[in-house]
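Below: the structure, in structure tokens.
Keep in mind it's a predicted model, so treat the numbers as computed, not measured. We count residues from 1, following the sequence as given. Below, all heavy atoms of this structure are taken into account, side chains as well, without hydrogens, waters or symmetry copies.
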Amino acid sequence: QLCLGTALTLAAPYAKYAQYAWDSGETTPALTVSGSGTFGVTMSHQDCSVYDSVSVIAIDCEVRLVMPNYFSPNGDTFNSRFAPIEYNYISSGETKIINRWGEEVFTGDLFAGWNGFIGTQEASTGVYFYLVTIVGKDGTIHHRQGALTLAR
């Protein structure tokens with residue numbers, strides 16, 4: 001796999017007197033690619049030749065997270081959990097919810113989200129703050145924060 005916007009160098013085994021012929025027309029022992037495709041090379045020396053190819057898939061590796069600024073856990077199944085609206089290249093995450101007095105009222109899995117309860121009690125309507133810690137699929141750690149309104 002290759003992340004969009006980056007390059008990858010494909011290298012055939014080097015041999016001093018070998019000749020190289022990539023499907024793209026290049027004649028060097030290595031080829032730099034920046035997108036998806038199947039890339040093949042023929043390596044020749046005297047009467048011998050061998051062909052090999054590799055498939056490369058370019059993917060979007062940007063860590064993105066969009067959280068709502070409003071949710072309403074009122075039983076109508078619309079906006080009933082505070083969870084990501086959109087995300088990309090995230091393997092896991094944790095959400096902390098803080099009330100307006102700075103008290104942590106919830107900690108849990110980013111994707112499971114917050115249901116608007118503090119323990120077994122419904123949380124009061126109003127403004128809360130969230131702190132999210134994200135682990136990207138590449139192992140990098142990211143932090144996001146913001147405000148949300150809980151309405152019933």
Rounded to the nearest 0.5 angstrom, the CD-CG distance for Q1 and L8 is 11.5 Å
Those residues at least two apart in sequence (or on a different chain) that pass salt bridge (Lys or Arg N to Asp or Glu O under 4.0 Å) with E103 are none
Do any N or O atoms from the side chain of N79 and from the backbone of S72 form a donor-acceptor pair under 3.5 angstrom?
no
Can you give me the closest heavy-atom contact between A83 and G113, atom names plus distance?
CB-CA, 4.0 Å
Mind checking what makes side-chain contact (heavy atoms from CB on, under 4.5 Å) contact with T107, not counting sequence neighbours?
E94, K96, E104
When rounded to the nearest 0.5 Å, the distance separating CZ of R64 from NE2 of H142 is 12.0 Å
What are the two closest heavy atoms between S80 and P73, and how far apart are they?
O-CB, 3.4 Å
Summary of side-chain hydrogen bond (donor to acceptor under 3.5 Å, both in side chains) pairs that have at least one residue in residues 33-50, sequence neighbours excluded:
T38-S55
List the atom of T9, the atom of A30, and the distance in Å for their closest heavy-atom pair.
CG2-CB, 3.9 Å
Enclosure of Q145 CD (heavy-atom neighbours >12, cutoff 6.0 Å):
no
What pair of heavy atoms forms the shortest contact from L2 to G35, and how long is it?
CD2-N, 3.7 Å
Hey, what do you get for CG (L31) to OG (S24), rounding to the nearest 0.5 Å?
4.5 Å
If every non-hydrogen atom of F39 is compared with every non-hydrogen atom of L10, which pair is closest and at what distance?
CB-CD1, 3.6 Å
Please check if the side chain of S91 supplies one atom and the backbone of V135 the other of a donor-acceptor pair under 3.5 Å.
yes
Is a donor on one side and an acceptor on the other found under 3.5 Å between the side chain of D60 and the backbone of N88?
no
Spatial distance of atom OG1 (T95) from atom CZ (R144) [nearest 0.5 Å]
12.5 Å
With sequence neighbours left out, the residues meeting side-chain contact (heavy atoms from CB on, under 4.5 Å) with R81 are N115
Can you list the other members of the hydrophobic cluster that holds V132, where links are side-chain heavy atoms under 4.5 angstrom apart?
I57, I59, V63, L65, M67, F71, F82, Y87, Y89, I90, I97, V105, F106, L110, F111, W114, I118, Y128, Y130, I134, L148, L150
Among T125, V127, N69, exactly one meets side chain to side chain contact (heavy atoms under 4.5 Å, CB included) together with T149. Which residue is that?
V127
Between A15 and M43, what is the shortest heavy-atom contact and its length?
CB-CE, 3.7 Å
Output every pair passing side-chain hydrogen bond (donor to acceptor under 3.5 Å, both in side chains) with a member in residues 13-23, not counting sequence neighbours, ordered by first then second residue.
D23-Y51
Using the rule that two of Ile, Leu, Val, Met, Phe, Trp, Tyr join whenever any of their side-chain heavy atoms come within less than 4.5 Å, decide whether L131 and V66 are in one cluster.
no
